[in-house]
Amino acid sequence: MFYEKEGKLYFERKGETLCLYAQGTNALRVRATMNEKFEDRDWALQGEEECSAEIEIYGDSARIANGKLSATITRLGQIRFFKDAACILEEYYRCYEYEMPHTPSLRILAREYKSIRGGDFETTVRFESCDGEKIFGMGQYQQPYLDLKGCSLELAQRNSQITVPFALSSRGYGFLWNNPSVGNVTFGKNVTEWHAESIKQIDYWITADDTPKAILKNYTELVGRAPEFPENAMGLWQCKLRYRTQEEVLEVAREYHRRGIPLDVIVIDFFHWTRQGDWKFDEKYWPDPAAMVKELHSYGTRCMVSIWPTVDKKSENFAEMNEKGLLIRPERGSQCFDFLGDSMIYDATNPEARRYIWEKCKQNYFDSGLDMFWLDEAEPEYSQYDFDNFRYRIGSDLQVGNIYPRCHAQAFYEGQKAAGQKDICNLLRCAWVGSQKFAAVVWSGDIQGNFETLRDQFAAGLNMGIAGIPWWTTDIGGFFVNVKAEGHKELLLRWFEWAVFCPVLRMHGDKGPSDIPILDDRDYGGGFCHTGLSNELWSYGEDVYAVLKKYVLLRIAMKPYIREIMQEASVNGSPVMRAMFYEFPEDEACWTADDQYMFGSRYLVAPVLYAGMRERRVYLPAGQWRDIRNQKIYTGGMHITVSAPLEEIPVFEKL
């Protein structure tokens with residue numbers, strides 16, 4: 001049965017209610033449920049309200065249209081989507097009632113519901129796969145594929161894995177899986193399947209437009225865009241595992257100042273505190289944070305401090321938070337995290353818990369001048385990723401867990417904004433749809449230091465941008481690293497050269513091997529935890545230092561341009577790092593160029609991603625291109641081979 005109500009198209013059959021309506025530019029939202037009524041959850045779509053749609057009901061079928069996008073529903077409930085007059089996506093049916101020439105005896109439906117204990121559903125939504133289609137976005141996965149067609153992706157947050165379930169298709173549409181449930185998606189050669197482990201209703205959104213830039217604009221209109229990026233964070237960020245004392249931080253900043261190298265941000269990592277969940281400095285090693293920040297500011301350097309969401313049961317805040325219900329609750333056992341303590345994790349989905357952690361951090365950090373926060377462990381990280389074992393204020397981890405990092409970013413952004421801060425910029429290890437609007441710089445997690453991992457980060461950064469997260473960075477050289485290993489200097493140089501043309505330039509990592517003695521024998525506080533080797537620009541020898549310094553100064557010289565492309569991300573949602581097809585969608589070669597990218601609209605960057613490589617092949621789209629290294633001008637529309645000595649990265653300016 002078809003009917004229209006309040007500008008929405010409804011279809012009911014065999015206990016299922018299907019609802020389609022216009023929301024956003026050239027876009028439709030689809031919801032379906034086997035329950036009595038729909039849940040009123042916006043999840044990611046927290047922007048523009050619904051708009052009017054054209055709805056036609058023909059008796060045994062119906063049609064709904066919003067601008068360039070339309071959809072039809074058959075009498076059996078199958079949905080097909082059209083951009084203008086061309087079908088771009090259709091649901092997958094293989095059953096006896098299906099009216100197309102496919103084998104009916106398989107009895108496979110497009111929307112499948114399996115009841116689970118408690119009354120909710122495990123669901124799968126299936127679409128036909130199209131030969132030649134390319135899929136991009138979806139967040140960050142530790143694999144080297146920019147084009148995700150043929151990939152199976154877990155929809156779950158882990159250290160170094162970030163699910164942001166927005167896919168951009170070469171067929172001219174963008175698709176948002178609009179729920180934070182744990183599951184998986186398979187972009188198969190024969191079928192596309194979106195699967196949720198536990199859900200109350202199916203909810204997705206689709207937009208169609210003429211270019212990838214227009215699709216990203218439509219998408220970010222609804223889910224949000226990054227604010228203005230602070231100019232005082234566009235240069236070098238210095239970090240290591242870990243600065244253990246106030247004097248260590250100041251001495252590093254002084255040395256940068258003595259060498260004449262501008263340092264925008266210096267970062268204080270974990271266990272500067274007493275216990276996890278105290279959220280304050282260990283006074284033994286950090287006696288005067290306000291004086292430290294004042295001196296750093298005199299060098300033009302901001303200070304960022306690490307905040308974990310974990311709360312040790314011995315923390316001074318644990319009893320109160322537990323009593324007030326501000327912690328994630330395990331269904332089995334009494335622990336969430338066991339690294340250097342017996343810890344629970346605060347519940348960022350609970351507004352009261354968000355206010356609580358911010359007030360503690362405001363009192364102990366912000367009021368002393370520390371106005372950048374490194375929100376580590378933001379997935380959150382569990383000792384075991386048993387997603388069926390944890391319950392949040394707004395539901396089970398299986399149903400809502402993927403939204404946690406966005407809520408965590410929200411806690412600090414809203415607190416800082418209420419305190420009057422303008423230049424908000426925080427670092428997180430995870431994200432979900434819309435995290436960008438809470439001033440989240442996302443980094444790619446605790447990764448290995450090798451060229452294979454570098455190639456994974458290259459694909460991850462580009463796909464994060466397509467998923468709507470423009471502020472992104474990595475641990476230069478990798479997190480887990482043996483700096484004495486053969487080939488590490490080559491890796492560090494290649495990684496740093498590429499990072500100069502990433503949204504944020506950031507030194508970090510657990511640089512080993514290290515046998516540096518601990519500072520004291522307490523089992524808590526800032527002195528007992530280990531630290532890694534030095535990780536400043538001058539830590540790897542004069543030959544490496546000369547190259548790194550040259551590229552830092554290039555980054556500083558590019559600040560006016562970086563400001564422009566950061567503003568574009570705020571205005572229309574464009575990534576800072578852009579897959580080639582984003583700028584040149586009419587050029588077929590750009591849809592397969594998966595080892596180069598555009599830094600904004602002007603610079604083509606061709607990083608060296610393999611050990612031993614000293615030249616590389618580059619595709620230049622039509623037009624004139626200037627090699628910024630030697631000013632040589634090339635005519636595009638062709639592949640060229642250029643030199644790539646160890647101290648250089650090939651970059652071409654579009655004229």
Side-chain angles (χ1 to χ4, degrees), residues 234-243 248-249 251-267 269 301 443-444 447-455 457-458 473-502 504-516 531-558 605-616 628-630 642-651:
M234 291 179 185
L236 177 65
W237 295 25
Q238 176 60 53
C239 187
K240 62 160 283 186
L241 187 91
R242 56 185 185 89
Y243 297 123
E248 284 183 16
V249 168
E251 186 50 42
V252 168
R254 291 165 187 156
E255 183 63 20
Y256 272 104
H257 186 65
R258 285 192 288 264
R259 290 172 181 259
I261 301 173
L263 179 63
D264 279 13
V265 181
I266 193 164
V267 186
D269 203 346
T301 301
W443 100 97
S444 62
I447 52 175
Q448 288 293 113
N450 54 49
F451 276 94
E452 291 82 2
T453 301
L454 174 58
R455 293 192 287 274
Q457 307 325 297
F458 178 85
T473 185
T474 65
D475 294 348
I476 293 174
F479 180 76
F480 299 109
V481 181
N482 179 355
V483 301
K484 308 296 185 183
E486 183 178 355
H488 175 70
K489 287 187 176 181
E490 179 181 8
L491 174 70
L492 179 68
L493 286 169
R494 294 304 196 192
W495 204 309
F496 193 96
E497 291 162 5
W498 167 61
V500 167
F501 298 93
C502 289
V504 170
L505 175 66
R506 173 176 163 271
M507 293 287 283
H508 185 55
D510 185 0
K511 310 302 184 183
S514 173
D515 57 358
I516 300 171
T531 185
L533 298 176
S534 296
N535 188 45
E536 292 72 48
L537 298 188
W538 53 84
S539 302
Y540 299 94
E542 288 300 314
D543 55 338
V544 173
Y545 171 64
V547 177
L548 302 188
K549 181 178 179 179
K550 176 183 75 172
Y551 277 99
V552 167
L553 296 179
L554 173 61
R555 173 81 179 197
I556 292 167
M558 292 183 68
V605 183
V608 176
L609 303 174
Y610 292 85
M613 181 182 285
R614 297 296 182 266
E615 65 176 23
R616 63 154 294 169
I628 70 168
R629 302 172 297 173
N630 55 25
V642 296
S643 65
L646 184 56
E647 66 276 9
E648 294 182 359
I649 179 174
V651 177

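Between P650 and R616, the closest heavy-atom pair is CG-CG, 4.2 Å. Of all heavy-atom pairs between T473 and R506, the closest is OG1-CB, 3.7 Å. In terms of heavy atoms, A644 sits closest to V608 at CB-CG2, 3.7 Å. Across all their heavy atoms, L236 and P262 have their closest contact at CB-O, 4.3 Å. Nearest approach of V500 to R555, heavy atoms of both residues: O-NH1, 2.7 Å. Taking each heavy atom of V267 and Y243 in turn, the nearest pair found is O-CD1, 3.4 Å.
Taken from CD in Q238 to CG in L505, the straight-line distance is 10.0 Å, to the nearest 0.5 Å. Here CG of L533 is found 8.0 Å from CG of D515. Values are rounded to the nearest 0.5 Å. Annotation: the span from F480 atom CZ to N450 atom CG amounts to 12.0 Å, rounded to 0.5 Å. For the atom pair OG1 of T531 and CD1 of I516, the computed distance is 5.5 Å after rounding to the nearest 0.5 Å. Here D475 contributes atom CG and K240 contributes atom NZ; the two are 14.0 Å apart, rounded to the nearest 0.5 Å. Between the CZ atom of R259 and the CD atom of E536 there is a distance of 9.5 Å, given to the nearest 0.5 Å.
At least one donor-acceptor pair under 3.5 Å links the side chain of T301 to the backbone N or O of L263. N535 places a side-chain N or O within donor-acceptor distance of the main-chain N or O of C239, the cut-off being under 3.5 Å. Listed for the R494 side chain is no donor-acceptor partner under 3.5 Å among the backbone atoms of A611.
Using the six-membered ring where Trp is involved, F479 and H508 have ring planes that are tilted, between 30° and 60° apart.
Residues passing the side chain to side chain contact (heavy atoms under 4.5 Å, CB included) test with D264, sequence neighbours excluded: K559. Taking Y610 as the reference, R455, M613 meet the side chain to side chain contact (heavy atoms under 4.5 Å, CB included) condition, with sequence neighbours excluded. For W237, there are no ring pair (Phe, Tyr, Trp, His ring centres under 6.0 Å) partners two or more places apart in sequence or in a different chain. In this structure, the side chain to side chain contact (heavy atoms under 4.5 Å, CB included) partners of V481, at least two apart in sequence or on a different chain, are V483, H488, K511. Shown here are the ring pair (Phe, Tyr, Trp, His ring centres under 6.0 Å) partners of F501, two or more places apart in sequence or in another chain: F599.
Residues S643 and R629 have side chains in contact (heavy-atom distance under 4.5 Å, counting atoms from C-beta outward). The closest side-chain heavy-atom distance from W498 to L609 is not below 4.5 Å. Side-chain contact between Y256 and I266 is absent, with no heavy-atom pair separated by less than 4.5 Å.
With ring centers used as reference points, F451 lies 6.0 Å or more from W495.
With 3.5 Å as the limit, one finds a donor-acceptor pair spanning the side chains of S444 and Q457.
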Considering only distance and modelled atom types, tabulate donor-acceptor pairs under 3.5 Å from the side chains of residues 546-554, sequence neighbours left out.
{"residue": "K550", "atom": "NZ", "partner": "E647", "partner atom": "O", "Å": "3.2"}
{"residue": "Y551", "atom": "OH", "partner": "E647", "partner atom": "O", "Å": "3.4"}
{"residue": "Y551", "atom": "OH", "partner": "I649", "partner atom": "N", "Å": "3.2"}

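A salt bridge between R614 and E490 is present, with a side-chain N of the basic residue lying under 4.0 Å from a carboxylate O of the acidic one.
Taking a 6.0 Å sphere around CG of N630, one finds it holds more than 12 heavy atoms contributed by other residues, nucleotides or ligands.
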